[in-house]
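So the structure is just underneath, and the comments pick up after that.
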Amino acid sequence: MQTSETARLTIGTNNYDFPVVQATTGEKAIDISKLRAQTGYTTIDDGLANTAACTSEITYIDGEKGILEYRGIPIETLAENSTFIETAYLIIYGNLPTRKQMSDFSQKVLRNASLHEAMMHFFDGGFPFTAHPMAILSAMLNSVGCYYPHMVTNHREQDLEHFNDAAALLLSKVRTIAAMAYRMKNGLPMIYPKRDLGYSQNFLHMMFTEPYHEYYPHDDITKALDLILLLHGDHEQNCSTSTVRVVASSGANLFSSVSAGVCALWGPLHGGANQQVIQMLEKIHQSGGDVDAFIAGAKKGDYRLMGFGHRLYKTYDPRAKILRESAEKVLQVVKLKDPLLDIAQRLEEKARADSYFIDRNLYPNVDFYSGLILKAIGIPVDMFTVMFAIGRMPGWIAHWYEVASQTKGRITRPRQIYTGYERRDYIKMRNRDGENSSDYESDEHKSLGGGSSENASARA
Ligand code: ACO
């Protein structure tokens, strides 16, 4: 909201005043929306680290204090009392559901669990077995929309009319697609969702049931998975959510927008880090468990300590704290003595006592312990980021809605500082390499490799 304060910018002898806005929680920002119009200048902000790209009512983070709240409710409270589906409702609709709202929402999610039978053909030779499940997930989420054309009109008002159905549908189908991607990759028969199972239990059923052998997860395993999903529910303007918002700002539908979010999440500096953490821990284990030597390499800049550091948190990521405890519990339940947990804990201990990590405020983030839990549950490493995507779906949906329902929303279109060539001449082909070739050779002739030695070298 607007304050009575202004911020003064002086360029040469000219002064410009800009409004100061304030968040509900007190932080202030200088509103430079009119900067270029008033001064002719733009700003540059590498990685947008100092730029609030929007206003939002969904999630609050105080990275210095390690606070994370969804719609005003601390993550620790939700982790202790809520479920993924209830928290998804809170994130998407802004309030905790009443009993009736919760029941309606859960039913809607449940009813949408199956895929259109025609979509099953994608899993029957539509992707190679080597395909990464994140690629499958992104493609399939975009494709789901094709089966519900009334929800993907790319006309704001019409898409919004069907928002409630589309939100429940995506929340449900992302889980089914994820499980089916796993089964396809492993040559396993498809297992359909069941009507009498809760969200996380249904996912485990689709992952691990065999045709003649029903899988019944231990309650603590189902709860641990549900907790991971809940903790990933939203995280304000992270890379994938910003991507969803950018795509949504063009007027694109919900399905395409979240599909783009999956692509952004896949990167190793974002959601892909949970996969990299386990690979890193395994590497340390295989080379004899020398944590000090590994830390020394990270300090030299040879590689990064995956699962450490965060753009916002300058203290312990509150989600990592909850997951550290959960990892210990899950490993007890499955009666697994995973040497990687010990390596992770030693790595954390050493890094937190080391000035390199202290000076840069590098603490474990959400990805540091989540992989150990997923591994103990039996989720393969290449599915880790997919699990993140299932958890992040409520956040992406809520952010899409926030953008789509703005009456005065503008398309996201940043400026740049151009650092390329100044204007220069077009040099004709014959003058570029001193050859005697014709300038009027047709494009088709060139692409077929006709004639010139230039084409011969391009083919070589
Ligand atoms: N290991 C070693 N050094 C690190 C690490 C790390 N994990 N993270 C940051 N640093 C160092 C950088 O080398 C840099 O050092 P310098 O000042 O001497 O050059 C300094 O800390 C600041 O790093 P930046 O890259 O500027 O920090 P930024 O905020 O841009 O990046 C990020 C945050 C991407 C999360 C980073 O910490 C990182 O790469 N971590 C490892 C990957 C990871 O765990 N990603 C998951 C993030 S959580 C999520 O997306 C769900």
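Predicted, not measured: the structure shown is a model, and the values here were computed from it. For the single chain, residues carry numbers from 1 onward in sequence order. The figures that follow rest on heavy atoms only: side chains count, while hydrogens, waters and symmetry mates do not. Both counts, for ligands and for their atoms, begin at 1 and track the order of listing.
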Can a donor-acceptor pair be found between the side chains of N50 and D45 at a distance below 3.5 Å? yes
Just wondering, more than 12 heavy atoms not from E80 lying within 6.0 Å of its CD? no
Between Y199 and R175, is there a cation-pi geometry (under 6.0 Å to ring centre, at most 45° from the normal)? yes
Across all chains, not counting sequence neighbours, the salt bridge (Lys or Arg N to Asp or Glu O under 4.0 Å) partners of R360 are none
Salt bridge flag under 4.0 Å for residues E325 and K329: no
Have E86 and T83 got a donor and an acceptor in their side chains that come within less than 3.5 Å? no
Per-pair distances, ligand 1 N/O vs protein N/O, less than 3.5 Å:
{"unit_1": "ligand 1", "atom_1": "1 (N)", "unit_2": "L305", "atom_2": "N", "d": "2.9"}
{"unit_1": "ligand 1", "atom_1": "3 (N)", "unit_2": "Y356", "atom_2": "OH", "d": "3.0"}
{"unit_1": "ligand 1", "atom_1": "7 (N)", "unit_2": "L305", "atom_2": "O", "d": "2.8"}
{"unit_1": "ligand 1", "atom_1": "7 (N)", "unit_2": "F308", "atom_2": "O", "d": "3.0"}
{"unit_1": "ligand 1", "atom_1": "13 (O)", "unit_2": "R304", "atom_2": "NH2", "d": "3.4"}
{"unit_1": "ligand 1", "atom_1": "15 (O)", "unit_2": "R360", "atom_2": "NE", "d": "3.2"}
{"unit_1": "ligand 1", "atom_1": "18 (O)", "unit_2": "R360", "atom_2": "NE", "d": "3.1"}
{"unit_1": "ligand 1", "atom_1": "18 (O)", "unit_2": "R360", "atom_2": "NH2", "d": "3.0"}
{"unit_1": "ligand 1", "atom_1": "25 (O)", "unit_2": "R304", "atom_2": "NH1", "d": "3.0"}
{"unit_1": "ligand 1", "atom_1": "25 (O)", "unit_2": "R304", "atom_2": "NH2", "d": "3.0"}
{"unit_1": "ligand 1", "atom_1": "29 (O)", "unit_2": "R311", "atom_2": "NE", "d": "2.9"}
{"unit_1": "ligand 1", "atom_1": "30 (O)", "unit_2": "R311", "atom_2": "NH2", "d": "2.9"}
{"unit_1": "ligand 1", "atom_1": "39 (O)", "unit_2": "R304", "atom_2": "NH1", "d": "2.8"}
{"unit_1": "ligand 1", "atom_1": "40 (N)", "unit_2": "F308", "atom_2": "O", "d": "2.9"}
{"unit_1": "ligand 1", "atom_1": "44 (O)", "unit_2": "G307", "atom_2": "N", "d": "2.8"}
{"unit_1": "ligand 1", "atom_1": "44 (O)", "unit_2": "N365", "atom_2": "ND2", "d": "2.9"}
{"unit_1": "ligand 1", "atom_1": "45 (N)", "unit_2": "L269", "atom_2": "O", "d": "3.2"}
{"unit_1": "ligand 1", "atom_1": "50 (O)", "unit_2": "H270", "atom_2": "ND1", "d": "2.9"}

